[in-house]
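Model, not experiment: these values are computed from the prediction.
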Amino acid sequence: VQLQASGGGSVQTGGSLRLSCAASGRTFSTSGMGWFRQVPGKEREFVAAISWSGGRTYYSDSVKGRFDISRDNAKNTVYLLMNRLKPEDTAAYYCAATPRISSIHGDEYDSWGQGTQVTVSS
């Protein structure tokens, strides 16, 4: 599946952004979707994941309660709403697709979009 992420930008601490990831190719509705982030020099970090139907969501402890992942299977799009952003959220954010129902493990994803940069200033 091909993925195209968008919606990154620069915000101040406490602000919000919504990332979008449009998918094409493999049937989107049978792909678990996830968001990961990476800072240069550091390992990729799991952020959030959502199951095929959207009925199950998973979050890293660092974003739980602030971020919300959702999907619209009719539009082949997954979203990441990021609220109460902190400087430590600054990273390149990547969406990814897995043939599994859902996963929090990056190595179980087989399709990755290009990153979209999120910068949070204090």
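- No side-chain donor-acceptor contact under 3.5 Å links Arg56 to the backbone of Ser51.
- Under the rule for a side-chain contact (heavy atoms from CB on, under 4.5 Å), the partners of Ala92 that lie at least two apart in sequence or sit in another chain are Tyr94, Gln117.
- Side-chain contact check for Phe28 versus Met33: some heavy-atom pair is nearer than 4.5 Å.
- For the salt bridge (charged side-chain N to carboxylate O under 4.0 Å, His left out) test with Arg37, the passing option among Glu43, Glu45, Glu88 is Glu45; the others fail.
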- Would you please test Phe36 and Tyr109 for ring pair (Phe, Tyr, Trp, His ring centres under 6.0 Å) and show each step? CA-CA 11 Å; Phe36 295 78; Tyr109 286 78; 5.2 Å; yes

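- In this structure, Tyr93 is not a member of the same hydrophobic cluster as Tyr79, with clusters built from ILVMFWY side-chain heavy atoms closer than 4.5 Å.
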- Task: Kindly determine whether Phe67 and Trp35 satisfy side chain to side chain contact (heavy atoms under 4.5 Å, CB included), including the steps that lead there.
- Result: CA-CA 11 Å; Phe67 289 14; Trp35 287 96; over 6 Å; no

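- Side-chain contact between Leu81 and Ser70 is absent, with no heavy-atom pair separated by less than 4.5 Å.
- Remark: Arg100 engages Glu108 in a salt bridge (charged side-chain N to carboxylate O under 4.0 Å, His left out) (not counting sequence neighbours).
- Taking OG of Ser62 as the reference point, atom CZ of Phe46 lies at 9.5 Å (rounded to 0.5 Å).
- Val39 places none of its side-chain heavy atoms less than 4.5 Å from the side chain of Thr90.
- With contacts defined as side-chain heavy-atom distances shorter than 4.5 Å, the pair Arg44/Trp112 qualifies.
- A continuous path of hydrophobic side-chain contacts links Val118 to Ile69 [ILVMFWY only; heavy atoms under 4.5 Å].
- Closest of all the heavy-atom pairs between Trp52 and Gly32 is CD1-N, 3.3 Å.
- Taking the charged nitrogens against the carboxylate oxygens, Lys86 and Asp89 have no contact shorter than 4.0 Å, which rules out a salt bridge.
- Within the model, atoms NZ of Lys64 and OG1 of Thr57 stand 9.5 Å from one another, a figure rounded to the nearest 0.5 Å.
- Annotation for Ala97 and Ser31: closest pair CB-CB, 4.3 Å, computed over non-hydrogen atoms.
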Please report, to 0.1 Å, the donor-acceptor pairs under 3.5 Å made by any side chain of residues 3-23, with sequence neighbours excluded.
unit_1: Thr13; atom_1: OG1; unit_2: Ser121; atom_2: O; d: 2.9
unit_1: Ser16; atom_1: OG; unit_2: Asn83; atom_2: OD1; d: 2.9

